[in-house]
Amino acid sequence: MRKFFVTLCALAVTAALVWSLFGFQPRAVEPPSLQLSLIRVWVSGQDPAVWSWLRKAAKQYEKETGRRVYLRAGPAEDAGALSGEYPPDLLISHEKGKCVALHGFALFCRDESAQAVTPDPTSFLFFRPSPTPGVSPTPVPTPNTALFSVLIVPQRLSSSFPGSLSSANPLRDFIDGKGDAAVLSVGQAAQLPFQTVARPLPAGKGFLPIRSAAATPKGEDFFNFLLMEQTQRMMTESGLFSPSFSLYQGIDPLREMIENTIPSLNPQLPG
């Protein structure tokens, strides 16, 4: 009887071991997915101001949605990317899509009697101080650009100023004395080693659009995020202008002067 009992116990232990190894297989806990909802954004060119704004916007978008935004640099002109075999979700370029931001310019002319353009002490950290006119920001008349003997303009704006000197580096050419006036950005003007006076350009002529075109619903979602006011206001940290919102009124006189010539913000202006 005792032998039978020992045998029975041994069989029971064996059966339990077999069941634990083969009969009972607990469901594995699936690890969190590593495949995030990735949004691929191609950015034409290496424009520091555009990249600065997009990085901040992408970081905020990821924080709010949990979707990761991958920013990839493309050729300076890459509008054909959307029709390629593997298009990005969103393309940022100068030539295709809806305007999401603007580069703004003013006219700077040599004037030894004018007060120097001085830094704005309220500028953001890590960015060149925003220059403001030496004189109080009283509106000045738009000059007749034809009165200048040589007007230096960026290549992309040359069609708006017939007879001007088209330049790949208008800042350097202006410093070198190749013209008596130049169309420059605020950041470029801050690097001038001589005194100047800043004046507004004709309405709508002092801007280069930054455009965005979506190829997928994910890209469209991030595109709409870029158009939101909170995202547009991030541009102030990189000196860009918004086509839809006033960003510099009362805080940056020189950029405010430029902003006042954006037709979309000022319906009374032509354009």
Student: Tell me, do Arg67 and Leu38 make a side-chain contact under 4.5 Å, heavy atoms counted?
Tutor: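 No, their side chains stay 4.5 Å or more apart.
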Student: Hey, are the side chains of Val50 and Val43 touching, using non-hydrogen atoms and a 4.5 Å cut-off?
Tutor: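 When only atoms from C-beta onward are counted, Val43 and Val50 do touch, with a gap below 4.5 Å.
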Student: State, yes or no, whether a side-chain contact exists between Glu64 and Gln230 at a heavy-atom distance under 4.5 Å.
Tutor: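 Answer yes - side chains close enough.
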Student: I want to check something: taking the side chain as every heavy atom from C-beta on, are Leu265 and Phe245 in contact at a cut-off of under 4.5 Å?
Tutor: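 Leu265 vs Phe245: side chains apart.
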Student: Mind running side-chain contact (heavy atoms from CB on, under 4.5 Å) on Val100 and Leu227 for me, showing each step along the way?
Tutor: CA-CA 6 Å; Val100 292; Leu227 295 178; 3.6 Å; yes
Student: Quick check: does any side chain N or O of Gln155 sit under 3.5 Å from a backbone N or O of Ser166, one acting as donor and the other as acceptor?
Tutor: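 No: the side chain of Gln155 does not pair with the backbone of Ser166.
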Student: Where do Val41 and Arg72 land on the side-chain contact (heavy atoms from CB on, under 4.5 Å) test, with the steps shown first?
Tutor: CA-CA 6 Å; Val41 180; Arg72 170 190 175 273; over 6 Å; no
Student: Between Pro209 and His94, what is the shortest heavy-atom contact and its length?
Tutor: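 In this case the closest contact between Pro209 and His94 is O-ND1, 3.3 Å.
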Student: Between Ile175 and Gln191, which heavy-atom pair has the shortest distance, and what is it?
Tutor: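 That closest heavy-atom pairing would be CD1-O, 4.2 Å.
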Student: Less than 4.5 Å apart, any side-chain heavy atom of Ile258 and any of Val186?
Tutor: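 Yes, side chains in contact.
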Student: Please report the shortest heavy-atom distance between Ser246 and Glu259, naming the atom on each side.
Tutor: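 Distance-wise, the nearest heavy atoms are OG-OE1, 2.9 Å.
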Student: For Phe174 and Phe108, what are the C-alpha separation, side-chain angles and deciding distance, and is it a ring-ring contact (aromatic ring centres under 6.0 Å, His included)?
Tutor: CA-CA 9 Å; Phe174 190 35; Phe108 292 85; 8.0 Å; no
Student: Could you tell me the separation between the OG atom of Ser93 and the CZ atom of Arg211, rounded to the nearest 0.5 Å?
Tutor: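 Between Ser93 OG and Arg211 CZ, I get 8.5 Å after rounding to 0.5 Å.
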Student: Between the side chains of Gln249 and Asn260, does any donor sit under 3.5 Å from an acceptor?
Tutor: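 Asn260 and Gln249 do have a side-chain donor-acceptor pair below 3.5 Å.
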Student: Assess whether side-chain contact (heavy atoms from CB on, under 4.5 Å) is satisfied between Leu247 and Arg233, documenting all intermediate values.
Tutor: CA-CA 6 Å; Leu247 306 180; Arg233 292 200 174 279; 3.8 Å; yes
Student: What distance do Ile262 atom CD1 and Ser242 atom OG have between them, rounded to the nearest 0.5 Å?
Tutor: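 The distance works out to 7.0 Å.
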Student: Just by modelled atom types, is the Pro48 backbone N or O under 3.5 Å from a matching donor or acceptor in the Ser52 side chain?
Tutor: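 Checked: no pair found.
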Student: How close do Asp173 and Ser167 get, counting heavy atoms only, and between which atoms?
Tutor: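 Of all heavy-atom pairs spanning Asp173 and Ser167, the closest is OD2-OG, 2.6 Å.
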Student: Do the side chains of Gln232 and Pro243 get nearer than 4.5 Å, heavy atoms only?
Tutor: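 Sidechains of Gln232 and Pro243: in contact.
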Student: Measure the spacing between OG of Ser185 and NE2 of His103 and express it to the nearest 0.5 Å.
Tutor: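 Spacing of OG (Ser185) from NE2 (His103) equals 8.5 Å.
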Student: Does Leu71 offer a backbone N or O that forms a donor-acceptor pair with the side chain of Arg55 under 3.5 Å?
Tutor: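 Absent.
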Student: Looking only at heavy atoms, what is the nearest atom pair of Phe225 and Ala57, with distance?
Tutor: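 Reported closest heavy-atom pair: CE2-O, 3.3 Å.
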Student: Check whether the ring centres of Phe241 and Phe105 lie less than 6.0 Å apart, and answer yes or no.
Tutor: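 No, the ring centres sit 6.0 Å or more apart.
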Student: Does any N or O in the side chain of Asp252 come within less than 3.5 Å of the main-chain N or O of Tyr248, such that one atom is a donor and the other an acceptor?
Tutor: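 No, the answer is negative, given that no donor and acceptor are paired below the 3.5 Å cut-off.
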Student: side-chain contact (heavy atoms from CB on, under 4.5 Å) between Val183 and Ile152: does it pass, once the steps are laid out?
Tutor: CA-CA 6 Å; Val183 173; Ile152 306 169; over 6 Å; no
Student: Show the nearest heavy-atom pair for residues Phe207 and Gly104, with the distance to one decimal.
Tutor: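 Answer, listing the atom of Phe207 first, then Gly104: CD2-CA, 3.7 Å.
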Student: Are Asp89 and Tyr70 close enough that a side-chain donor and a side-chain acceptor fall under 3.5 Å?
Tutor: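 The answer is no; no qualifying pair exists.
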Student: With Trp53 as reference, evaluate Thr236, Asp47, Leu226 under the side-chain contact (heavy atoms from CB on, under 4.5 Å) test and give the passing residue.
Tutor: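 So, applying the side-chain contact (heavy atoms from CB on, under 4.5 Å) to Trp53 and each of Thr236, Asp47, Leu226, only Leu226 qualifies.
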Student: Please examine the side chains of Leu107 and Leu151, heavy atoms only from C-beta on, and report whether any two atoms are closer than 4.5 Å.
Tutor: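 Answer yes - side chains close enough.
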Student: Drop me the distance from Leu54's CG to Met234's CE, to the nearest 0.5 angstrom.
Tutor: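 It is 11.0 Å, given to the nearest 0.5 Å.
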Student: Could you give the distance from CG (Asp180) to CZ (Arg110), rounded to the nearest 0.5 Å?
Tutor: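 That separation rounds to 8.5 Å.
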Student: For the residue pair Thr231 / Gln60, report whether a side-chain donor-acceptor contact shorter than 3.5 Å exists.
Tutor: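 No - no donor-acceptor pair under 3.5 Å links their side chains.
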Student: Quick one: pull up OG1 in Thr196 and CG in Leu184 and give me the separation to the nearest 0.5 Å.
Tutor: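 These two atoms lie 8.5 Å from each other.
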